[in-house]
Amino acid sequence: MSFPERVYTAKEVKKARELVIKGYKHTLTVEGSPEFKQNIYKILELAKTADYYDFLRTYIKKIVEIDGLTQLRETEVAIWANKFAVENPVDAASLFVQKAYSMKEYLDGELYYGGMAEKRAIEKRLEFLEALKNKTKDESVKAECIRLLQMWKDSSIAY
């Protein structure tokens, strides 16, 4: 059984959810400029360091460079990201984990957008930053995790 090309109809969502439950993992593909791809590979290495790479591969099929706003494209099982969103690999990795969590909720049939859903997704993002901070041996990555965690804590939108 192969993963649906798109995940839009109830039948497609059900098939995708069944595959994920059985342990399906995507072969993550990246589309974009050489510089974009290079940044994505750094981001994916950070996800591996924090043991979140399989989580990303479970819920995201591809990452595509676009000129517009960075967003999760649920029906495509994809993250559309602009070049600015991936300049800071630590922040981008945490954003991708957040988007993957929203995709998980979409497949689980839960409300995946709005207030409480956004709160849960951001909590997953912060959990990733904590894990990366604790697992990396790179002091600059650790420092960036600490900076980002503090920024979220100080923010009026922090959860």
Side-chain angles (χ1 to χ4, degrees), residues 3 5-8 16 20 25-107 110-159:
F3 203 86
E5 183 63 31
R6 64 184 188 136
V7 182
Y8 181 67
V20 165
K25 304 280 187 268
H26 296 286
T27 301
L28 238 169
T29 59
V30 181
E31 298 174 11
S33 68
E35 181 182 351
F36 180 82
K37 287 180 178 180
Q38 185 178 17
N39 286 336
I40 296 300
Y41 296 132
K42 289 178 192 172
I43 291 162
L44 296 178
E45 283 303 315
L46 294 174
K48 289 175 185 175
T49 298
D51 293 327
Y52 276 73
Y53 184 67
D54 279 346
F55 178 76
L56 281 176
R57 288 188 328 124
T58 299
Y59 296 104
I60 302 298
K61 182 171 19 178
K62 64 183 173 179
I63 301 167
V64 180
E65 182 177 20
I66 58 155
D67 287 330
L69 296 174
T70 297
Q71 58 187 288
L72 173 64
R73 300 290 296 182
E74 299 87 0
T75 60
E76 298 177 29
V77 193
I79 295 173
W80 285 6
N82 64 44
K83 65 181 180 180
F84 305 109
V86 300
E87 286 179 344
N88 177 333
V90 174
D91 194 34
S94 70
L95 173 65
F96 287 5
V97 167
Q98 178 181 337
K99 297 297 184 191
Y101 188 79
S102 294
M103 187 69 206
K104 176 190 181 310
E105 291 200 331
Y106 175 80
L107 290 180
E110 297 180 34
L111 186 62
Y112 64 96
Y113 57 87
M116 291 308 294
E118 192 68 19
K119 179 180 179 183
R120 291 188 302 272
I122 289 172
E123 286 170 354
K124 192 71 171 177
R125 183 178 189 160
L126 300 177
E127 177 188 288
F128 167 81
L129 287 169
E130 280 290 341
L132 182 58
K133 178 186 82 171
N134 293 332
K135 292 180 181 184
T136 187
K137 292 178 179 19
D138 185 325
E139 289 302 320
S140 65
V141 169
K142 190 175 294 221
E144 184 60 9
C145 288
I146 292 167
R147 186 188 76 78
L148 290 168
L149 286 163
Q150 189 62 50
M151 182 189 76
W152 279 101
K153 183 179 178 186
D154 293 345
S155 170
S156 62
I157 61 170
Y159 297 94

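Along the sequence shown, residues carry numbers from 1.
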**Request:** Would you indicate whether the side-chain heavy atoms of Arg125 and Asp91 approach each other to under 4.5 Å?
**Result:** yes
**Item:** Closest heavy-atom pair and its distance - Ala47, Phe128
**Value:** CA-CE1, 4.0 Å
**Request:** List the steps, then state whether side chain to side chain contact (heavy atoms under 4.5 Å, CB included) holds for Gln98 with Ile122.
**Result:** CA-CA 6 Å; Gln98 178 181 337; Ile122 289 172; 3.8 Å; yes
**Complete:** To the nearest 0.5 Å, atom OG1 of Thr58 lies from atom CE of Met103 at 11.5 Å
**Asked** Hey, are the side chains of Phe55 and Tyr101 touching, using non-hydrogen atoms and a 4.5 Å cut-off?
**Response** yes
**Item:** Audit row: Glu130, Leu149, side chain to side chain contact (heavy atoms under 4.5 Å, CB included) steps and yes/no
**Value:** CA-CA 8 Å; Glu130 280 290 341; Leu149 286 163; 3.3 Å; yes
**Request:** Determine whether the side chains of Thr75 and Arg6 contain a donor N or O and an acceptor N or O closer than 3.5 Å.
**Result:** no
**Request:** Rounded to the nearest 0.5 Å, what's the gap from CG on Leu28 to CD1 on Ile79? Could you check?
**Result:** 8.0 Å
**Message:** Would you compute the distance between atom NZ of Lys153 and atom CG of Leu126 and round it to the nearest 0.5 angstrom?
**Reply:** 12.0 Å
**Request:** In plain terms, say whether Lys42 and Glu45 are close enough for a salt bridge, that is, a side-chain N and a carboxylate O under 4.0 Å apart.
**Result:** no
**Message:** Tell me if a side-chain donor or acceptor on Tyr112 pairs with a main-chain N or O of Glu74 at a distance below 3.5 Å.
**Reply:** no
**Request:** Answer yes when Glu127 and Lys124 have at least one side-chain N-carboxylate O distance shorter than 4.0 Å, and no when they do not.
**Result:** yes
**Asked** What pair of heavy atoms forms the shortest contact from Lys135 to Ala50, and how long is it?
**Response** NZ-O, 3.7 Å
**Fill in**
Note: Ile60 and Ile63 closest approach over all heavy atoms is CG2-CG1, 4.3 Å
**Request:** Inspect the surroundings of CG in Asn134 and state if more than 12 heavy atoms from other residues, nucleotides or ligands are less than 6.0 Å away.
**Result:** yes
**Item:** Minimum-distance pair of heavy atoms, taken over all atoms of Tyr59 and Ala100
**Value:** CB-O, 3.6 Å
**Asked** Does Glu5 CD have over 12 foreign heavy atoms under 6.0 Å away?
**Response** no
**Message:** In the structure I gave you, are the side-chain heavy atoms of Lys62 and Val77 within less than 4.5 Å of one another anywhere?
**Reply:** no
**Request:** Answer yes or no on whether Lys83 is positioned over the face of Phe36, meaning its NZ or CZ is under 6.0 Å from the six-membered ring centre and within 45° of the axis.
**Result:** no
**Request:** Kindly give the heavy-atom pair with the smallest separation between Ala78 and Leu72, and that separation in Å.
**Result:** O-CD1, 3.5 Å
**Request:** Measure the spacing between CG of Leu129 and CD1 of Ile146 and express it to the nearest 0.5 Å.
**Result:** 11.0 Å
**Message:** Determine whether a donor-acceptor pair (N or O, by modelled atom type, separation under 3.5 Å) exists between the side chain of Asn82 and the backbone of Gly68.
**Reply:** yes
**Request:** Answer yes or no: is there a donor N or O on one side and an acceptor on the other, between the side chain of Glu65 and the main chain of Ser33, under 3.5 Å?
**Result:** yes
**Message:** Once rounded to the nearest 0.5 Å, what's the spacing between atom NZ of Lys61 and atom NZ of Lys25?
**Reply:** 15.5 Å
**Prompt:** So how far is it from Leu44 CG to Lys37 NZ, rounded to the nearest 0.5 Å?
**Reply:** 12.5 Å
**Message:** For a quick test of reading the model, state the closest non-hydrogen atom pair linking Ala121 to Ser102 and the distance between them.
**Reply:** CB-OG, 3.7 Å
**Asked** Is the CD atom of Glu110 crowded by more than 12 outside heavy atoms at less than 6.0 Å?
**Response** yes
